[in-house]
Amino acid sequence: MDRKEIIERIGYIRIRAKLTQKGLSTAIGMNFNYINRLESKGDFLPSLEVLLRIIEACGSTPEEFFYRDIAEYETDIELSEKIKTLPAEVKEFVLNYDPEIMNLFVKLNEKAVKLSEQDKKKPKF
């Protein structure tokens, strides 16, 4: 994860937590414009200690913050919890399912994502 993505994720969790930049700065005990400078200039990264305070103040966790796709974290955790309740033979079946069919599902998903992105770009009248 690079500097830009860390800063973007800080903004993402801050907005999701409905905190202003000033509010978050105050909540973590920093200068009132600390988060503003961090998000707008991106010329520094917070220390690990400050980053952990930011994550906590925004109601997040380090696991979520550093998850491969923070926007999918909740859904993936929910899915994981449901998978845990499946019988062992069902889990084995899913893991060993026909790779060709799994590839078809992946391709269909990629197509659906592309169509969704194209639809978002169309002008709305």
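Everything numeric here is computed off the predicted structure, so don't read it as measured data. For the single chain, residues carry numbers from 1 onward in sequence order.
In this structure the side chain of E39 never reaches within 4.5 angstrom of the side chain of E8, judged on heavy atoms. Residues N36 and S25 have side chains not in contact (no heavy-atom distance under 4.5 Å, counting atoms from C-beta outward).
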Checklist entry - Can L45 and L51 be said to form a side-chain contact (heavy atoms from CB on, under 4.5 Å), step by step? => result CA-CA 9 Å; L45 284 175; L51 180 58; over 6 Å; no

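Under the 4.5 Å side-chain heavy-atom criterion for grouping Ile, Leu, Val, Met, Phe, Trp and Tyr, I77 is connected to Y67 within one hydrophobic cluster. Cluster annotation: F44 is connected to I54 through the hydrophobic network of ILVMFWY side chains, with a link wherever side-chain heavy atoms come within less than 4.5 Å. Under the 4.5 Å side-chain heavy-atom criterion for Ile, Leu, Val, Met, Phe, Trp and Tyr, Y73 and L79 are members of distinct hydrophobic clusters.
Listed for the D2 side chain is a donor-acceptor partner under 3.5 Å among the backbone atoms of E5. Under the 3.5 Å distance criterion, the side-chain polar atoms of T26 are left unmatched by any main-chain donor or acceptor of F32.
With respect to the salt-bridge test (charged N to carboxylate O, under 4.0 angstrom), the residues K107 and E110 do not qualify. Classification of E64 and R9 as a salt-bridged pair fails, no side-chain N sitting under 4.0 Å from a carboxylate O.
The distance from atom OG1 of T20 to atom CD1 of I35, rounded to the nearest 0.5 Å, is 10.0 Å. A distance of 10.0 Å separates CG in D76 from CD in E74, rounded to the nearest 0.5 Å. Taken to the nearest 0.5 Å, the CG atom of L19 stands 7.5 Å off from the CZ atom of R14. Taking OG1 from T75 and CG from D69, the interatomic distance works out to 9.5 Å, rounded to the nearest 0.5 Å. If you take CD1 on I6 and CZ on R3, they are separated by 8.5 Å, rounding to the nearest 0.5 Å. Atoms CD1 and OG, on I70 and S60 in that order, are 5.0 Å from each other to the nearest 0.5 Å.
No side-chain N or O of Y34 forms a donor-acceptor pair with one of Q21 less than 3.5 Å apart.
Shown here for C58 and A17, the closest heavy-atom pair between the two residues is O-CB, 3.5 Å. Nearest heavy atom pair, residue M1 against residue F65, reads CE-O, 4.1 Å. The two residues I7 and G42 make their nearest non-hydrogen contact at CD1-CA, 3.5 Å. Of all the heavy atoms in P46 and I10, the pair that sits closest is CG-CD1, 4.1 Å.
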